[in-house]
Number of protein chains: 2
Amino acid sequence: MSHFPNHFEENYLKALYKLQRKEIKKVNNIALAKYMELNPATVLEMVRKMADRGLVEILPDKTIQLTSQGEKKALLVIRKHRLWEVFLVEKLDYSWSEVHDLAEQLEHIQSEDLTNRLEAFLEFPAADPHGDPIPDKNGKLRTAAAINLLEGKTGKTYMVKSFGETADSFLDYLAKLSIRPGTLLRVLEWNAYDNSGSIEINNAIIQLSEKVAGNIFVQLHTT
Amino acid sequence: MSHFPNHFEENYLKALYKLQRKEIKKVNNIALAKYMELNPATVLEMVRKMADRGLVEILPDKTIQLTSQGEKKALLVIRKHRLWEVFLVEKLDYSWSEVHDLAEQLEHIQSEDLTNRLEAFLEFPAADPHGDPIPDKNGKLRTAAAINLLEGKTGKTYMVKSFGETADSFLDYLAKLSIRPGTLLRVLEWNAYDNSGSIEINNAIIQLSEKVAGNIFVQLHTT
DNA sequence: ATATATAATTTGGCTAACCAAATTTTATTA
DNA sequence: TAATAAAATTTGGTTAGCCAAATTATATAT
């Protein structure tokens, strides 16, 4: 009667979804292991089990890909995560940068009904406190695709939608730069040498490394 | 990075606390194993670990007893459980009979701060939807005021706390019925005609006159 | 006091999730 | 194309929580 398989599976699903969305490269075993801070042997073992369960497909070139069933499950975990985040911020007065770790725990609560009631209680929020949209009860995420800031065009202004990284150090750094969901950023130029960018924000100019910019997702902003 | 030891430990703590409260007999390995629906070997192994951690003491006669530290931890789990139950009923419109299994999941969320904020959000409820009191953040269970047995509700179980009469004839009568402080009484029904009551005690059913019942002070008993 | 039941403990073994290290396969590059 | 680097996989091993069955200890009853 170990209650936990779900727990693990859900973490793998979420990790795969996030990596896939980053889409910097194909998601292989190594990348997934690194991202999850696990040994490749461990990850391979688990991924195979998930393939048996129809959640994941291992392509001929060894890329790991969520099946539609797997992606739906991943989105339902993300749904739970984001709803709990809204709860923590709106009802328990947490700040948006504190809630991630708690939501990581709460997202594993198993009850569709509870999730749906929570959503109703929160009055069907469209997005979590980081600005990320909340999938519906069928795991459908309908949204204008956010793009990676790295793809931002020189001279254009973008609105920050969400982030591809949840480490405190990253979020603290952003907080220092006053970058949060909703912030407007204008791309001044990209430095071809190290792919860092000059970004205008609130009439100040800052430099963002490739790594940081690559974890900021934005939408074109039209005044 | 397995978060789960807590999970297991908390379940053992809770089970021990509940059995101890029942206090029908000393809590031994067998009783605990039966209650938790686990194998005695499993339970023994775990109980020993918990003894090493200072949560439990194994007495010379093999009785398993919570240390004060263990009891505090148990009460903090119960606190979480009951607060989440209040949340589910008050905020998500669950009925009191549905919430137990969900609360069993939620009670394992690890964050004192979250628990305290939840308590504040719920406006410091004194009891959960079943009427069981909620321990405070120090694991202290403020004892509910003792009530007159005559006020006991049909179907509820109460623990005898004290008596409102010191006459030997009264105390002898109680002794004959094996009613003493600590005895558990279940109210079966009140006879509207003479206010006498049918009371279940140790699987026997006895009748108590209004005069007798009115001199017995009890507290709601929570399993 | 002996037989018998029950409790307590030991032993050996299972599974899921993990890891380190060795090996094999696949790419890359010189 | 051979050399080398990187990825993928295999192998052997660990730990925590669990169980069944065997054994030893302790009560209980006759």
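Per chain, numbering begins at 1; letters A, B, ... match sequence-line order. No experiment lies behind these values; they were computed from the predicted model shown. Note that these values count all heavy atoms, side chains included, but never hydrogens, waters or copies made by symmetry.
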Could you give the [atom1]-to-[atom2] distance, from [X] to [N], as a whole number of Å?
X	N	atom1	atom2	value
B/Met46	D/dC18	CE	P	7 Å
A/Glu45	D/dG13	CD	P	16 Å
B/Leu38	C/dC14	CG	P	20 Å
B/Leu32	C/dT9	CG	P	13 Å
A/His7	C/dC18	NE2	P	11 Å
B/Ile64	C/dA7	CD1	C1'	11 Å
B/Lys26	C/dA7	NZ	P	16 Å

Practice item. May I ask you to decide if A/Gly152's main-chain N or O and A/Trp190's side chain share a donor-acceptor pair within less than 3.5 Å? Key: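 Yes, the answer is positive, given that a donor and an acceptor are paired below the 3.5 Å cut-off.
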Check your understanding: Where the side chain of A/Lys137 meets the backbone of A/Asn116, is there a donor-acceptor pair that is under 3.5 Å apart?
Key ->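 A pair under 3.5 Å: no.
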Exercise for review: May I ask you to check whether over 12 heavy atoms, not counting those of B/Glu112, lie within 6.0 Å of atom CD?
Suggested key: no
Practice item. Check whether any side-chain N or O of A/Thr42 sits under 4.0 Å from OP1 or OP2 of C/dA17, and answer yes or no. Key: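 Indeed not, no polar side-chain atom of A/Thr42 lies that close.
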Practice item. Tell me whether the OP1 or OP2 atom of D/dA16 has a side-chain N or O from B/Tyr12 closer than 4.0 Å. Key: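 So the side-chain polar atoms of B/Tyr12 never come under 4.0 Å of the phosphate oxygens OP1 or OP2 of D/dA16.
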Revision key, fill the gap. Checking D/dA16, C/dC18, D/dC18 against the side chain of B/Lys49 (C-beta onward), the nearest is D/dA16
Review point. How would you list, by chain and number, every residue that makes a salt bridge (charged side-chain N to carboxylate O under 4.0 Å, His left out) with B/Arg117, sequence neighbours excluded?
Key: B/Asp113
Review point. In chain order, what residues pass the salt bridge (charged side-chain N to carboxylate O under 4.0 Å, His left out) check against B/Glu71, with sequence neighbours excluded?
Key: none
Exercise for review: Can you label the angle between the A/Phe121 ring and the A/Phe87 ring as parallel, tilted or perpendicular, going by 30° and 60°?
Suggested key: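 Ring orientation, 0 to 90° scale: tilted.
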Protein-nucleotides 6-10 of chain D N/O pairs closer than 3.5 Å?
from	atom 1	to	atom 2	distance (Å)
D/dT9	OP1	A/Lys62	NZ	3.2
D/dT10	OP2	A/Arg48	NH1	2.8
D/dT10	OP2	A/Arg48	NH2	2.9

